[in-house]
**Q** 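Once you've had a glance at the structure underneath, I'll fire off some questions.
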Protein chains: 2
Amino acid sequence: MSRKASSPRPGGNPTLIDVARVAGVSPITVSRALGRPEVVSDATRRRVLEAVRATGYVPNLAAGSLASSRSRLVAILLPTIANSIFADTVQSLTERLAGAGYQTLLGLTGYLPEQEEALLEALLGRRPDGIVLTGTQHTEASRERLRRTGIPQVEAWDLCARPLDMLVGFSHEAVGRAVADYLLGKGYRRISVVSLDDPRGLRRYHSLLQALAEQGIGEVAAEILPAPATLAEGREGLRHLLERGQAGEVVVCSSDTLAQGVLAEAASRQIAVPGQLAVMGFGDLSSAAHTHPPLSTVRIDGPRIGQSIAEALLARFAEPGLARNPLRMDVGFELIERAST
Amino acid sequence: MSRKASSPRPGGNPTLIDVARVAGVSPITVSRALGRPEVVSDATRRRVLEAVRATGYVPNLAAGSLASSRSRLVAILLPTIANSIFADTVQSLTERLAGAGYQTLLGLTGYLPEQEEALLEALLGRRPDGIVLTGTQHTEASRERLRRTGIPQVEAWDLCARPLDMLVGFSHEAVGRAVADYLLGKGYRRISVVSLDDPRGLRRYHSLLQALAEQGIGEVAAEILPAPATLAEGREGLRHLLERGQAGEVVVCSSDTLAQGVLAEAASRQIAVPGQLAVMGFGDLSSAAHTHPPLSTVRIDGPRIGQSIAEALLARFAEPGLARNPLRMDVGFELIERAST
DNA sequence: CGCTTGAATGATTGCGCAATCATCCGAGAA
DNA sequence: TTCTCGGATGATTGCGCAATCATTCAAGCG
């Protein structure tokens with residue numbers, strides 16, 4: 001390295017040593033005054049804080065990570081943030097973690113498991129203290145790698161029998177069944193589906209199919225569309241169903257965004273909703289209550305998921321002994337009936 | 001510290017030294033094989049990569065940061081990701097940076113400058129190689145701190161006379177004027193505004209006011225709502241305007257989301273759009289083309305902003321000599337006329 | 001008065017890596 | 001043959017911090 005010891009260095013960032021010199025204490029006392037203020041005397045702490053202000057010192061967290069083996073970083077992997085149902089979860093998770101001094105490393109997988117694998121390796125390089133994953137489908141390589149890290153991790157927005165570690169979500173199978181029961185109860189028999197080809201949407205679709213089959217309804221036309229969800233995709237989905245004469249009495253959509261597209265396509269074709277065609281969404285985005293007609297949908301409490309993830313991680317950070325506690329939280333869902341069905 | 005030198009440590013993560021031992025080379029050769037593969041021989045590189053695979057080695061980037069003074073981290077500060085017009089920008093920015101080996105540290109300011117200040121300090125602790133800020137309004141403390149870091153930084157989604165460093169955005173004043181000219185050209189004279197109280201929305205509002213005033217239109221009712229933008233806020237905005245009899249012939253909204261709320265409120269009151277009341281949005285969200293009626297709005301190319309930010313930062317990283325190059329990119333905007341006006 | 005006690009502070013060390021400088025060795029030139 | 005040269009590899013060092021152990025000193029006690 002170029003520089004000898006700790007000269008003043010007008011160029012670089014000030015370090016603990018610079019602050020210590022200004023405050024007239026040892027570097028480790030500065031470290032303590034900032035990191036564990038209760039162990040230094042009031043007078044010393046004041047002197048140190050004054051020196052921090054005077055020097056413009058900002059602790060180098062990379063050095064802190066290295067020395068303490070705690071990065072105060074949480075990695076979040078999610079498919080996308082654009083028009084996303086996950087946005088509320090990420091927002092509340094990030095806020096809660098920030099309040100506890102943790103920062104958020106964002107990784108976008110674009111719904112591709114292989115992408116998740118590469119991203120995961122990159123993120124692990126930061127030695128995050130916690131990892132949040134969307135869904136429970138990961139490549140075998142990812143699962144193995146995650147298992148070996150021993151880092152607390154939370155899978156979100158889903159439930160499964162063998163979670164990697166902690167789990168905060170709800171049952172997509174239960175959603176599918178609940179939607180089937182609801183629609184059958186309303187008297188609908190000819191049902192079609194417009195779904196994104198994302199794993200959780202497809203699981204809801206399959207359990208809907210099964211629940212309907214159990215009631216003797218075997219024919220369910222489906223239009224499976226590539227991610228991400230947009231209104232245009234929804235419109236296209238309904239258009240294809242109509243062209244094939246398969247739309248039936250009600251279209252079940254894998255997201256409110258698709259459902260809004262379906263509504264728009266129906267409006268443009270003068271199809272009355274729900275008179276000629278009912279529409280069901282998923283997610284209860286803030287727009288769902290305000291479409292025309294208001295959208296029946298399934299409400300998921302995204303902020304609550306985020307908050308629960310944060311609590312679970314923070315608890316684990318505070319008490320590493322809890323390792324492998326069997327947290328498996330089902331936040332449930334709520335079927336919201338509005339005018340579209 | 002507890003451990004002596006570099007014993008095998010079955011518990012912890014493998015290090016460069018472990019890989020080196022397996023590959024039968026020195027640690028620094030492993031470092032080179034991974035970081036600058038062109039300087040080691042093919043045979044050595046293969047042996048090293050095999051050893052990396054065998055050990056499950058993942059480089060500790062905190063240590064790398066500390067040794068090289070390059071974190072390969074870019075901090076992004078933005079108001080919110082929920083229902084956000086910035087989502088596309090963040091998505092494309094993140095993807096482009098990830099492709100170049102940079103990771104993204106996300107900071108959410110909630111539209112509060114003081115929050116930005118605290119967040120900024122926390123993020124600077126990671127010594128990011130680049131910083132992306134939303135907008136050009138920062139506290140004086142933030143500006144000063146940013147200036148002194150010398151880290152390449154980009155202000156996005158706005159233009160201003162004295163940028164901190166680089167700038168990729170468009171003129172909100174020009175948007176306000178363009179909207180005024182457009183509406184006047186269509187023959188509208190009684191104009192009202194529903195805006196979020198975010199700085200950029202208010203700037204568009206004020207320049208709209210000024211442009212209208214120059215044409216002799218002095219009375220413009222406005223409803224200013226707290227962030228974040230939701231359909232419900234838009235509905236409330238129109239409701240208040242109508243209650244006061246001030247909605248006029250056309251409502252200009254500071255975002256498409258608010259505009260959709262206005263459309264919903266109008267629909268629920270049997271107000272014909274645009275016959276009795278025209279509506280103008282901002283952002284051209286993917287939903288704007290599919291509302292009922294389709295929404296006239298102002299299109300901003302969010303992904304392009306993200307891409308341009310990434311290019312600008314990567315260029316600066318590759319060539320630190322370019323410091324203080326005067327990049328100041330105006331990505332412009334496009335007024336989209338649809339059926340709502 | 002000497003002792004213990006515990007709060008406050010300090011000295012030393014190493015976290016894992018890359019920058020820097022040093023060394024080695026084989027091919028080609030003189 | 002000897003020398004030079006440059007590609008390949010290695011040894012050493014320090015990045016900035018916190019863990020660990022050591023020291024100091026005043027208060028309290030018999």
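Computation of the quantities below employed the complete heavy-atom set of this structure, encompassing side-chain atoms and omitting hydrogens, waters and symmetry-equivalent molecules. So that the names make sense, note that chain A is the first sequence line, chain B the second, and so on, each numbered from 1.
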**Q** Can A/Glu50 and A/Arg47 be said to form a salt bridge (Lys or Arg N to Asp or Glu O under 4.0 Å), step by step?
**A** CA-CA 5 Å; A/Glu50 175 54 31; A/Arg47 287 226 312 285; over 6 Å; no
**Q** Please tell me if A/Thr29 has a side-chain N or O lying less than 4.0 Å from either OP1 or OP2 of C/dG10.
**A**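 Yes, such a contact exists.
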**Q** Within the structure, does a side-chain N or O atom of B/Ser41 lie under 4.0 Å from either OP1 or OP2 of D/dT9?
**A** yes
**Q** For B/Arg126 and A/Gln103, what are the C-alpha separation, side-chain angles and deciding distance, and is it a side chain to side chain donor-acceptor pair (under 3.5 Å)?
**A** CA-CA 10 Å; B/Arg126 304 283 170 191; A/Gln103 290 168 9; 2.8 Å; yes
**Q** Quick check for you: among C/dA8, D/dA18, C/dG16, whose closest atom lies nearest to any side-chain atom of B/Ala67?
**A** C/dG16
**Q** How close or far is atom P of C/dC15 from atom CG of B/Asn13, stated in whole angstroms?
**A** 14 Å
**Q** How close or far is atom P of C/dG6 from atom CD of A/Glu38, stated in whole angstroms?
**A**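 Taking atom P of C/dG6 as the reference, CD of A/Glu38 is at 18 Å.
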**Q** Would you say B/Ser31 places a side-chain N or O within less than 4.0 Å of OP1 or OP2 belonging to C/dA18?
**A** yes
**Q** Between atom CG in A/Asp42 and atom C1' in C/dA8, what is the gap in whole Å?
**A**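 Checked: the CG to C1' distance equals 12 Å.
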**Q** Is a donor-acceptor contact shorter than 3.5 angstrom present between the side chain of A/Arg32 and the base of C/dG10?
**A**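 Looking at the base of C/dG10, it does pair with a donor or acceptor on the side chain of A/Arg32 (distance under 3.5 Å).
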**Q** To the closest 0.5 Å, what do you measure between CG (B/Asp198) and OG1 (B/Thr80)?
**A** 11.5 Å
**Q** Could you check which of D/dT9, D/dC17, C/dG16 has an atom nearest any side-chain atom of B/Leu66?
**A** C/dG16
**Q** With a 4.5 Å cut-off on side-chain heavy atoms, are B/Gln153 and B/Met166 touching?
**A**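 No, too far: nothing below the 4.5 Å cut-off.
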**Q** Nearest-Å distance, CG (B/Leu16) to P (C/dA19)?
**A** 12 Å
**Q** Could you work out which one of C/dT20, C/dC17, D/dC17 sits closest to the side chain of B/Ile28?
**A** C/dT20
**Q** Between C/dA11 atom C1' and A/Ile17 atom CD1, what is the distance in whole Å?
**A**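 My rounded result for the distance is 12 Å.
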**Q** Rounded to whole Å, please give me the gap between CG in A/Asn60 and C1' in C/dC17.
**A** 14 Å
**Q** May I have the distance from B/Leu61 (atom CG) to C/dC15 (atom C1'), rounded to whole angstrom?
**A**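 Going from B/Leu61 (CG) to C/dC15 (C1'), I get 15 Å.
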**Q** Send over the distance from A/Arg70 CZ to D/dA18 P, rounded to a whole Å.
**A**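 Computing the A/Arg70:CZ to D/dA18:P distance gives 10 Å.
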**Q** Between B/Ala63 and B/Ser26, which is nearer to the 5' end of DNA chain D once each is assigned its nearest nucleotide?
**A**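 That would be B/Ser26.
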**Q** Find which nucleotide of DNA chain D each of B/Arg127 and B/Pro27 is nearest to by heavy atoms, and output the residue with the more 5' nucleotide.
**A**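 It is B/Pro27, whose closest nucleotide lies nearer the 5' terminus.
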**Q** Checking side chain to side chain contact (heavy atoms under 4.5 Å, CB included) against B/Leu133, which of B/Leu146, B/Val154, B/Ile76 comes through?
**A**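 That would be B/Leu146; it is the only one of B/Leu146, B/Val154, B/Ile76 passing the side chain to side chain contact (heavy atoms under 4.5 Å, CB included) with B/Leu133.
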**Q** Would you indicate what B/Thr44 reaches in the nucleic acid, counting non-hydrogen atoms under 4.0 angstrom: base, sugar-phosphate, or nothing?
**A**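 Here B/Thr44 touches the backbone only, sparing every base.
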